[in-house]
Protein chains: 2
Amino acid sequence: MASADEAIYREIADAILQGRLKAGTKLPEHKLAAIFGVSRERIRKLLHRLAAERRLEIIPNRGCFVPRPSVADVRMIYEAHRVFEAGVIEQLLRRLDDRILQALDAHLAQEREAAGRGDRAASVRLSGAFHLLLTDSLGNAELSRFLRELLSRSSLMVSVYEPAQSSVCAVDEHAGIVQALRQRDLATALRLSREHFTHIENRLNLEHAGGPDADLAALFASREP
Amino acid sequence: MASADEAIYREIADAILQGRLKAGTKLPEHKLAAIFGVSRERIRKLLHRLAAERRLEIIPNRGCFVPRPSVADVRMIYEAHRVFEAGVIEQLLRRLDDRILQALDAHLAQEREAAGRGDRAASVRLSGAFHLLLTDSLGNAELSRFLRELLSRSSLMVSVYEPAQSSVCAVDEHAGIVQALRQRDLATALRLSREHFTHIENRLNLEHAGGPDADLAALFASREP
DNA sequence: CTTGTGCCAAATGTGCACAATTTGTATAAC
DNA sequence: GTTATACAAATTGTGCACATTTGGCACAAG
């Protein structure tokens, strides 16, 4: 079967996105090969593909690691978010319609519901999905793809630098952006978007280092029985 | 030596960017391996890397091709350019200084000089480099990288769809954007940037199909004697 | 002359074995 | 006790041989 590779690719990518794979974790080729029951060469190709997308980092002759973003990386990624979303919002106001606004409202409802029942994992996931929804609304696959790479990296930063007691308070800020969009208020939407990313960035504790490595076999154990 | 791969990578990427590799051209692995004097596996890895960056297209069991962008691709890429550069300009106005403006002026001078002596190849190259310079001025490697991928694809579109007699008139439009930046006129800069990409897009002849394939060996013959 | 079928050549995909590099450890010298 | 060196184990990198798939060509039937 040809799409087994795709399944493994998604499994690893999701593990990074959901923070199950901690920064700094080493991913040895033959260990992954044994876990997923495929040859080492298959794994190899996947890892290089993920590295090309900046989701993993390959150090020659050393191995493949979950990237441990530096403070400079944090600044860079969140600035990229700010710049990128400014462009998205400016374009979005040119083609905003009821269908898009309804989708945004529905998403905000999901976010509120997850926050209401204290589901932190869902909140984190939906928080990223909000920005993806904004971009996807433009219907431009190229822009969506770039944002996906950015999100993959910023979710790593949250899991590395975010203090454990942090409250996920982003829902209101997301709602503010949607409100500004509904009112066709470009300046406010741009300002709120910028501030939103700056808030997330400032909430990070850049002195705090990463945690210990996880058990790979246990991590990927949730596969069809 | 480890950086031989990098050299070959750049050679192929540049060949696409400069339009020496026409859309639709097939890149057979063993043929490239013979041309560059390396093993087929080396080439293989490079091609997959270029494919991950959307610079080449790999069809499973069929081979590797220079992408032949569809009309929908053209719309998508130029919209991505418009959205992306809007964000770039908005951020650039927040950190614009004399050093950046001088670099932009110097670039415009280069463009005018190339246009003056009718050097079409240089004009095309500098035209792309202008937008890259705008983005590079933000000092954000992630944004620069994305733009490079976009440029790689749009240069293909120009070489496929642009009618031969087209005049490279972009210098004035570039100068207009710089002037608006210098005057801190955000609205004008955004408008000129959008219109600029729309002009390029509209100049393309979307009915015109691609040309014939080139001779690979001759194409890559310009290597150290 | 067009269409359908089967075979052959060529190109890509994959696994294996071996080479090269790095890291950790043990030992010895200072 | 610290440092340096050498060796060993483990991990990644590479080339080769073989399997698989595809596209074209020939040939025959309608």
Side-chain angles (χ1 to χ4, degrees), chain A residues 1-12 16 21-68 210 212-217 219-220, chain B residues 1-12 16 21-68 210 212-217 219-220:
Chain A
M1 75 175 60
S3 68
D5 290 357
E6 193 65 21
I8 300 175
Y9 169 85
R10 299 217 164 191
E11 191 131 10
I12 297 178
I16 300 172
L21 270 177
K22 295 287 193 300
T25 303
K26 183 173 184 181
L27 300 176
E29 296 176 354
H30 69 279
K31 208 162 283 189
L32 289 176
I35 289 174
F36 290 106
V38 300
S39 76
R40 188 165 71 94
E41 312 302 307
R42 286 284 182 78
I43 295 293
R44 213 175 151 66
K45 260 182 47 178
L46 288 180
L47 295 183
H48 278 271
R49 178 176 160 198
L50 286 160
E53 297 167 349
R54 303 290 195 274
R55 297 170 128 117
L56 290 177
E57 184 181 8
I58 289 182
I59 307 176
N61 287 316
R62 286 280 313 276
C64 185
F65 302 85
V66 181
R68 195 187 292 275
D213 291 3
D215 177 25
L216 289 185
L219 232 155
F220 291 119
Chain B
M1 75 174 61
S3 68
D5 290 359
E6 194 65 20
I8 301 175
Y9 168 86
R10 299 219 165 191
E11 190 130 11
I12 298 179
I16 300 172
L21 270 176
K22 294 288 192 300
T25 303
K26 183 173 184 180
L27 301 177
E29 296 176 354
H30 71 278
K31 208 163 283 188
L32 289 176
I35 289 173
F36 290 107
V38 300
S39 76
R40 188 165 71 93
E41 315 300 307
R42 285 285 182 77
I43 295 293
R44 214 175 148 64
K45 260 182 44 180
L46 288 180
L47 295 183
H48 279 269
R49 178 177 161 197
L50 287 160
E53 297 167 350
R54 302 288 196 272
R55 297 170 127 113
L56 290 177
E57 183 181 9
I58 289 183
I59 306 176
N61 288 314
R62 286 280 312 276
C64 187
F65 301 85
V66 181
R68 194 188 291 275
D213 292 2
D215 178 24
L216 289 185
L219 232 155
F220 290 118

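Labels below follow one simple rule: chain letters A, B, ... track the order of the sequence lines, proteins then strands, and each chain is numbered from 1.
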Between atom NZ of A/K26 and atom CZ of A/R62, what is the distance when rounded to the nearest 0.5 Å? 7.0 Å
Measure across [X] and [Y] and return the closest heavy-atom pair with its distance rounded to 0.1 Å.
X	Y	result
B/F36	B/I43	CD1-CD1, 4.1 Å
A/C64	A/L56	SG-CD1, 3.7 Å
B/A23	B/P67	CB-O, 3.3 Å
B/E29	B/R44	OE2-NH1, 2.6 Å

Is the shortest side-chain N/O distance from B/H30 to OP1 or OP2 of C/dA10 below 4.0 Å?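 It does not, given that no N or O in the side chain of B/H30 lies less than 4.0 Å from OP1 or OP2 of C/dA10.
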Degree of bending in the helix from C/dC1-D/dG30 to C/dC30-D/dG1 once both end axes are built from five pairs, to 10°: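 For the helix from C/dC1-D/dG30 to C/dC30-D/dG1, the axes at opposite ends meet at about 10°.
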Could you give the side-chain donor-acceptor pairs of residues 46-55 of chain B under 3.5 Å, partners two or more places apart or in another chain?
{"from": "B/E53", "atom 1": "OE1", "to": "B/Y9", "atom 2": "OH", "distance (Å)": "2.6"}
{"from": "B/E53", "atom 1": "OE1", "to": "B/R55", "atom 2": "NH1", "distance (Å)": "3.1"}
{"from": "B/E53", "atom 1": "OE2", "to": "B/Y9", "atom 2": "OH", "distance (Å)": "3.1"}

Atom pairs under 3.5 Å, N or O on each side, protein against nucleotides 13-16 of chain C: can you list them with distances?
{"from": "C/dG13", "atom 1": "OP1", "to": "B/N61", "atom 2": "N", "distance (Å)": "3.4"}
{"from": "C/dG13", "atom 1": "OP2", "to": "B/R44", "atom 2": "NH1", "distance (Å)": "2.9"}
{"from": "C/dG13", "atom 1": "OP2", "to": "B/R44", "atom 2": "NH2", "distance (Å)": "3.2"}
{"from": "C/dG13", "atom 1": "O6", "to": "B/R40", "atom 2": "NH2", "distance (Å)": "2.9"}
{"from": "C/dG15", "atom 1": "OP2", "to": "A/S39", "atom 2": "OG", "distance (Å)": "2.6"}
{"from": "C/dC16", "atom 1": "N4", "to": "A/E41", "atom 2": "OE1", "distance (Å)": "3.4"}
{"from": "C/dC16", "atom 1": "N4", "to": "A/E41", "atom 2": "OE2", "distance (Å)": "3.3"}

Is B/L27 close to B/L21 at the side-chain level, that is, under 4.5 Å between some pair of heavy atoms?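 Yes, at least one pair of side-chain atoms sits under 4.5 Å.
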Take atom NZ of A/K26 and atom C1' of C/dT23, then tell me their distance rounded to the nearest Å.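 Going from NZ in A/K26 over to C1' in C/dT23 covers 9 Å.
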Salt bridge or not for A/D5 and A/K45, using N-O below 4.0 Å?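 Result for this pair is no, no salt bridge flagged.
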